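Notes follow once the structure below has been shown.
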Amino acid sequence: MPAPNHRVALVALLTCAALAACSEDFGSPVKPPVEPPAPPTPTTVETLSGGDQRTVQGLSLADPIVVRVLDAQGRPMSGQTVTFAPAAGHGSADPASATTGSDGSAATHWTLGPDPGRHTITVAATDASTTVTAVALDLEAELDTLFMSPTDAEIDAVRTDWAARDISAADVRVELAERLDLAGSEVDLRIVSHSVAGVRHYGAILVPDAAAEGSLPVLAYLHGGDGGVSIGDIQIAAFALGELRDSFVYVIPSFRAEPLVHGDSVWVSEGPPSPWDYDVDDALALVNVAIETVPEAQADSINLFGGSRGAGVALLAGVRDPRIARIVAFFGPTYFFDDWVREIVREAALRMPRETTGVAHLDSTFIQPHIRGEYSRGDMRLELVRRSSALFAQDLPSVQLHHGDLDQTVSVSQAEALMAAMEALGRGPPDFEAYIYEGGGHDPFGLREAIPRAVAFLARALRAGAAGAPTAIPRPAQ
């Protein structure tokens with residue numbers, strides 16, 4: 001049996017072996033175990049995108065708030081819980097918390113509170129945090145300012161813009177030429193294309209048979225809606241004209257980004273859509289093509305017929321081109337500063353745009369960018385000015401206006417705005433004729449006597465040409 005001192009040595013040896021930390025010198029102290037390093041903690045929350053946005057009070061921001069969590073060495077941290085906490089009254093976040101991904105980022109959608117002003121949201125990960133701000137726009141106050149009466153300077157700025165535009169007939173091509181039965185009469189049909197502001201535009205020109213050179217006034221048909229135009233559409237107009245059917249060179253423009261359809265063939269004009277604005281350039285450029293390429297056309301007798309969107313285009317074209325002699329306008333917009341347009345803009349700003357021609361374009365191109373602060377109020381007002389023929393009433397040729405008082409597509413207030421402008425100028429029959437139809441809607445054939453009145457009005461182009469009289473009224477100097 002080992003001696004007591006040997007047993008002590010054996011226990012010490014076994015203890016050292018178990019700990020693997022003792023030296024061979026049994027008299028050395030035992031070393032403590034090494035603690036693992038502490039895990040890194042978030043030290044920074046940085047905003048990647050979504051800060052400093054603007055939207056209408058009570059609505060969600062257009063873009064999410066995206067942040068990234070970093071450690072002390074600036075490395076992205078995954079698996080971290082991030083909380084999003086708007087200040088009191090500053091709305092809500094969805095989600096209120098999120099876990100960072102492999103790139104250290106997390107995101108939320110922020111709906112602002114009901115009150116206008118600057119709103120804040122605190123974004124935190126453990127003890128690290130940052131604050132993101134946004135602006136809640138007072139919509140009614142903004143609309144009050146946006147729809148103030150336009151100034152002379154704004155109107156002059158639009159005139160300057162128009163004067164700089166090139167609507168000449170450039171790079172004209174004949175895409176198709178054939179004979180066509182037009183409401184029982186044979187005509188020559190040409191589908192042509194030409195360049196306007198660097199984009200290719202398509203339109204149709206129809207010429208009746210056996211007409212002498214320079215004997216036929218031009219009649220441009222300007223379509224409504226935003227689905228393009230068909231050659232078949234002019235058949236209805238020609239039928240309505242009756243005995244006057246063979247008395248005009250017909251010009252049918254499509255508008256940019258929209259189709260021109262003939263049978264199974266479709267030609268789509270290039271360029272971004274521009275309801276009422278560059279529509280005018282497209283129409284006037286095609287009229288110029290007709291005048292330059294059709295010997296039968298009377299260059300000094302240009303007449304326009306339009307409905308809805310097309311009526312608005314016709315009136316604006318009449319303002320811009322002193323060669324235009326007369327316009328028949330059915331229920332088109334004339335004044336974009338009235339309460340009807342204001343309500344359309346209000347609905348779009350609240351992300352409830354109505355399904356009316358041109359609204360989708362105005363919403364995506366001007367209204368939403370303005371709400372976000374990307375398109376200035378001054379520029380937005382100019383867009384309204386350049387679509388408001390009533391502001392340029394003194395420059396209009398002879399006009400015959402038709403509108404139903406129950407029109408649910410274009411408010412009768414639009415006709416009333418032009419009527420008030422013309423009355424202020426002392427312009428009335430036969431230079432300016434306006435008919436408001438009780439119970440009438442957005443259909444020319446539902447407005448009693450409207451079609452015969454329009455035909456009689458256009459017949460003046462023929463009498464004026466036959467008499468050798470001026471067909472366009474004198475315009476005031478601009």
Side-chain angles (χ1 to χ4, degrees), residues 50-65 86-94 109-121 132-155 157-158 275-277 312 333-388 390-391 407-418 420-421:
D52 297 318
Q53 295 183 69
R54 187 175 81 167
T55 195
V56 174
Q57 60 203 79
L59 295 186
S60 62
L61 296 175
D63 299 318
I65 305 300
H90 291 184
S92 60
D94 183 19
H109 292 274
W110 183 11
T111 298
L112 303 185
D115 298 323
R118 185 164 293 278
H119 290 201
T120 62
I121 185 171
V132 179
T133 63
V135 173
L137 184 67
D138 186 332
L139 180 57
E140 297 308 319
E142 180 61 27
L143 293 176
D144 286 344
T145 305
L146 185 63
F147 283 90
M148 291 175 62
S149 296
T151 66
D152 290 342
E154 290 171 324
I155 294 172
V158 169
W276 300 289
D277 185 17
T334 73
Y335 186 60
F336 275 66
F337 286 87
D338 81 342
D339 289 342
W340 175 69
V341 178
R342 174 179 171 139
E343 183 59 22
I344 288 175
V345 173
R346 182 179 185 276
E347 291 169 358
L350 293 172
R351 301 175 190 166
M352 299 182 295
R354 65 178 67 178
E355 294 182 3
T356 300
T357 298
V359 172
H361 170 77
L362 296 179
D363 185 34
S364 63
T365 309
F366 307 121
I367 298 173
Q368 292 305 325
H370 174 61
I371 293 300
R372 294 194 300 266
E374 301 164 0
Y375 199 80
S376 74
R377 182 188 300 138
D379 288 339
M380 180 71 179
R381 283 174 56 83
L382 291 179
E383 296 298 337
L384 302 178
V385 170
R386 62 172 49 97
R387 289 167 168 81
S388 299
L391 295 174
D407 193 322
Q408 299 300 306
T409 303
V410 178
S411 171
V412 71
S413 66
Q414 293 293 298
E416 292 167 347
L418 184 57

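In this text the structure is predicted, and so the values were computed from the model without any measurement. For this chain, numbers begin at 1 and follow the sequence in order.
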Stepwise side chain to side chain contact (heavy atoms under 4.5 Å, CB included) test for R377 and L146: CA-CA 7 Å; R377 182 188 300 138; L146 185 63; 3.9 Å; yes
Which distance, rounded to the nearest 0.5 Å, do you find between the [atom1] of [X] and the [atom2] of [Y]?
{"X": "H109", "Y": "S92", "atom1": "NE2", "atom2": "OG", "result": "12.0 Å"}
{"X": "L384", "Y": "Y335", "atom1": "CG", "atom2": "OH", "result": "10.0 Å"}
{"X": "I344", "Y": "F336", "atom1": "CD1", "atom2": "CZ", "result": "7.5 Å"}
{"X": "S149", "Y": "L391", "atom1": "OG", "atom2": "CG", "result": "9.0 Å"}
{"X": "T365", "Y": "E383", "atom1": "OG1", "atom2": "CD", "result": "8.5 Å"}
{"X": "T356", "Y": "Q408", "atom1": "OG1", "atom2": "CD", "result": "10.5 Å"}

Are more than 12 heavy atoms, taken from residues, nucleotides or ligands other than [X], located less than 6.0 Å from that residue's [atom1] atom?
{"X": "D339", "atom1": "CG", "result": "no"}
{"X": "E374", "atom1": "CD", "result": "yes"}
{"X": "M148", "atom1": "CE", "result": "no"}

Counting distance only, does the side-chain N/O of [X] pair as donor-acceptor with the main-chain N or O of [Y] below 3.5 Å?
{"X": "R387", "Y": "P275", "value": "yes"}
{"X": "H90", "Y": "T120", "value": "yes"}
{"X": "D338", "Y": "V341", "value": "yes"}

Heavy-atom distance under 4.5 Å between the side chains of [X] and [Y], does that happen here?
{"X": "Q57", "Y": "D138", "value": "yes"}
{"X": "L112", "Y": "L59", "value": "no"}
{"X": "R118", "Y": "D52", "value": "yes"}
{"X": "Q53", "Y": "W110", "value": "no"}
{"X": "I367", "Y": "Y375", "value": "no"}
{"X": "S388", "Y": "W276", "value": "no"}

Counterpart residues, salt bridge (charged side-chain N to carboxylate O under 4.0 Å, His left out), relative to R342 (two or more places apart): E140, D144
Side chain to side chain contact (heavy atoms under 4.5 Å, CB included) between R351 and T55, worked out: CA-CA 11 Å; R351 301 175 190 166; T55 195; 3.1 Å; yes
Of the non-hydrogen atoms in [X] and [Y], which two are nearest, and what is the gap between them?
{"X": "A390", "Y": "A421", "answer": "O-CB, 3.7 Å"}
{"X": "I65", "Y": "G51", "answer": "CD1-N, 4.4 Å"}
{"X": "G50", "Y": "L61", "answer": "O-CD1, 4.4 Å"}
{"X": "R54", "Y": "L137", "answer": "NH1-CD1, 4.0 Å"}
{"X": "A93", "Y": "P86", "answer": "N-CG, 4.0 Å"}
{"X": "L139", "Y": "A349", "answer": "CD1-CB, 3.8 Å"}

Side chain to side chain contact (heavy atoms under 4.5 Å, CB included) against P353, all qualifying residues, sequence neighbours excluded: A348, V359, D363
Intermediate values then yes/no, side chain to side chain contact (heavy atoms under 4.5 Å, CB included), E416 and T334: CA-CA 9 Å; E416 292 167 347; T334 73; over 6 Å; no
Test: E343 and R354 ion pair at under 4.0 Å: no
Chi angles and distances behind the side chain to side chain contact (heavy atoms under 4.5 Å, CB included) call for W340, V410: CA-CA 9 Å; W340 175 69; V410 178; 4.0 Å; yes
